[in-house]
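A quick write-up on the structure given underneath.
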Amino acid sequence: MKPIVLIPARMASTRLPGKPLANIAGRPMIVHVLDRARAADVGPVAVATAERDIADVVERAGGTAILTDPGLPSGSDRIWQALQKLDPAGRYDTIINLQGDLPGVEPACLRAVLRPLDDPSTDIATLVAPVQDRAEAIAESVVKVACAFPDKATKARALYFSRMPIPWGHGPLWHHVGIYAYRRAALARFVSLPESALEKREKLEQLRALEAGMIIGCARIETAPFGVDTPADLERARVLSGAGA
């Protein structure tokens with residue numbers, strides 16, 4: 001595989017506008033994510049953004065930023081357009097989509113997400129971590145995955161994603177971590193598909209891939225990285241970084 005890491009970032013977050021530039025320990029959040037991606041050393045890293053302000057910050061930090069159409073509907077569309085600009089010749093055959101709101105993501109996660117693509121039948125890879133408690137299990141903001149890891153396996157096929165605590169019955173629940181690795185052809189197909197019925201219902205775009213018959217493989221990690229989606233999350237990220245409020 002020849003991976004490239006693309007980080008979609010936009011200012012117009014509903015619950016935390018301007019969050020890519022939010023200050024954490026003296027640096028914008030997007031720079032923390034950029035540094036974590038570069039530390040993984042899996043391939044080149046670029047930020048895909050519609051805003052010049054974000055691009056300027058990334059470039060001042062020594063990173064690569066690609067400006068994309070502000071009208072694109074999703075981060076997946078944004079990274080696909082950025083890929084066409086960065087790599088029109090198709091040198092990179094695997095695209096890691098790293099969310100720009102994971103300032104504490106471990107670099108090892110970007111290496112782990114590639115593991116399911118060892119199986120040539122897998123189109124898209126992602127990460128899961130064990131759900132720790134009931135509050136996490138019932139939280140609508142935490143996406144759960146129906147998958148199974150028999151005999152201490154570290155990889156499994158995703159059968160469904162939901163905001164509900166699935167599957168029913170005794171056993172572990174799996175928290176979906178929104179980091180993906182796409183085969184290039186799979187990403188091209190995914191962004192060409194219309195929104196699917198279950199995607200609209202659950203508001204989870206990965207269901208579009210499943211409904212189209214694409215195979216998503218999951219790699220197991222021990223702990224889900226902390227994401228920043230609200231002002232409270234931002235304050236927690238600052239505390240975790242040692243910077244305080």
Kindly say whether [Y] contributes a backbone atom to a donor-acceptor pair with the side chain of [X] at under 3.5 angstrom?
X      : Y      : value
Gln132 : Pro130 : yes
Arg220 : Lys152 : no
Arg208 : Phe190 : yes
His175 : Val128 : no
Gln99  : Pro8   : no
Asp133 : Ala135 : yes
Glu211 : Leu198 : yes
Arg183 : Leu117 : yes
Arg163 : Val142 : no
Arg238 : Asn23  : yes

According to salt bridge (charged side-chain N to carboxylate O under 4.0 Å, His left out), who are the partners of [X], at least two apart in sequence or on a separate chain?
X     : result
Asp93 : none
Arg27 : Asp35
Glu59 : Arg52

Sub-4.5 Å side-chain heavy-atom contact between [X] and [Y]:
X      : Y      : result
Ser162 : Glu202 : yes
Ile216 : Gln206 : yes
Met214 : Leu210 : no
Thr126 : Val177 : no
Leu86  : Thr64  : yes
Pro103 : Met29  : yes
Val57  : Arg60  : yes

Within this structure, what is the [atom1]-[atom2] distance for the pair [X] and [Y], rounded to the nearest 0.5 Å?
X      : Y      : atom1 : atom2 : result
Thr68  : Glu51  : OG1   : CD    : 8.0 Å
Cys109 : Leu114 : SG    : CG    : 11.5 Å
Ile96  : Leu6   : CD1   : CG    : 9.5 Å
Asp53  : Met11  : CG    : CE    : 5.5 Å
Ile54  : Lys19  : CD1   : NZ    : 11.0 Å
Thr122 : Ile215 : OG1   : CD1   : 6.0 Å

Of all heavy-atom pairs between [X] and [Y], which one has the smallest distance, and what is that distance?
X      : Y      : value
Ser76  : Ile79  : O-CG1, 3.2 Å
Ile166 : Tyr160 : CD1-CD2, 3.7 Å
Gly104 : Arg36  : O-NH1, 3.3 Å
Ala212 : Leu193 : CB-CD1, 3.6 Å
Ala40  : Pro107 : CB-O, 3.4 Å
Ala82  : Ala48  : CB-CB, 3.6 Å

Check whether [X] and [Y] end up in the same hydrophobic cluster, where Ile, Leu, Val, Met, Phe, Trp and Tyr are linked by side-chain heavy atoms less than 4.5 Å apart.
X      : Y      : value
Ile66  : Leu98  : no
Leu187 : Val113 : no
Ile30  : Leu102 : yes
Ile4   : Tyr180 : yes
Val47  : Ile179 : yes

* Supply the members, apart from Val131, of the Ile/Leu/Val/Met/Phe/Trp/Tyr cluster built from side-chain contacts under 4.5 Å; use none for a lone residue. =>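 Once heavy-atom contacts under 4.5 Å are chained together, Val131 belongs with Leu173.
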>> Is it the case that atom NZ in Lys85 sees more than 12 heavy atoms from other parts of the structure closer than 6.0 Å?
In response: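 Enclosed: over 12 neighbouring heavy atoms sit under 6.0 Å from NZ of Lys85.
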inquiry  = Tell me whether the count of non-hydrogen atoms from other residues, nucleotides or ligands lying under 6.0 Å of CE in Met164 goes above 12.
reply    =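 12 or below, so no.
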Residue pairs involving residues 124-157 (criterion ring pair (Phe, Tyr, Trp, His ring centres under 6.0 Å); sequence neighbours excluded):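 Every ring pair (Phe, Tyr, Trp, His ring centres under 6.0 Å) pair that includes a residue of residues 124-157, provided the two are not neighbours, is Phe149-Trp174.
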Could you give me the CA-CA distance, side-chain angles and deciding distance for Glu199 and Leu204, then say whether side chain to side chain contact (heavy atoms under 4.5 Å, CB included) is met? CA-CA 5 Å; Glu199 174 187 7; Leu204 297 173; 5.9 Å; no
Among all residues two or more places apart in sequence or in another chain, which pass the ring pair (Phe, Tyr, Trp, His ring centres under 6.0 Å) test with Phe161?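 Ring pair (Phe, Tyr, Trp, His ring centres under 6.0 Å) list for Phe161, sorted by chain: His176.
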Exercise. What's the verdict on side chain to side chain contact (heavy atoms under 4.5 Å, CB included) for Glu205 and Ser74, showing C-alpha distance, side-chain angles and the deciding distance?
Worked result: CA-CA 9 Å; Glu205 70 173 7; Ser74 72; 3.6 Å; yes
Phe226/Asp233 under side chain to side chain contact (heavy atoms under 4.5 Å, CB included): CA gap, chis, key distance, verdict | CA-CA 8 Å; Phe226 177 65; Asp233 293 338; 3.9 Å; yes
Does Arg184 qualify as a cation-pi partner of Tyr92, given the criterion of NZ or CZ under 6.0 Å from the six-membered ring centre and within 45 degrees of its axis?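 Here Arg184 fails the 6.0 Å and 45° test against Tyr92.
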- Look at Lys155 together with Asp119 and state whether they make a salt bridge at an N to O cut-off of under 4.0 Å.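 Here Lys155 does not pair with Asp119 in a salt bridge, since their nearest N and O are not under 4.0 Å apart.
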If you apply the rule side chain to side chain contact (heavy atoms under 4.5 Å, CB included), what do you find for Val5 with Val42, and how did you get there? CA-CA 8 Å; Val5 182; Val42 296; 3.6 Å; yes
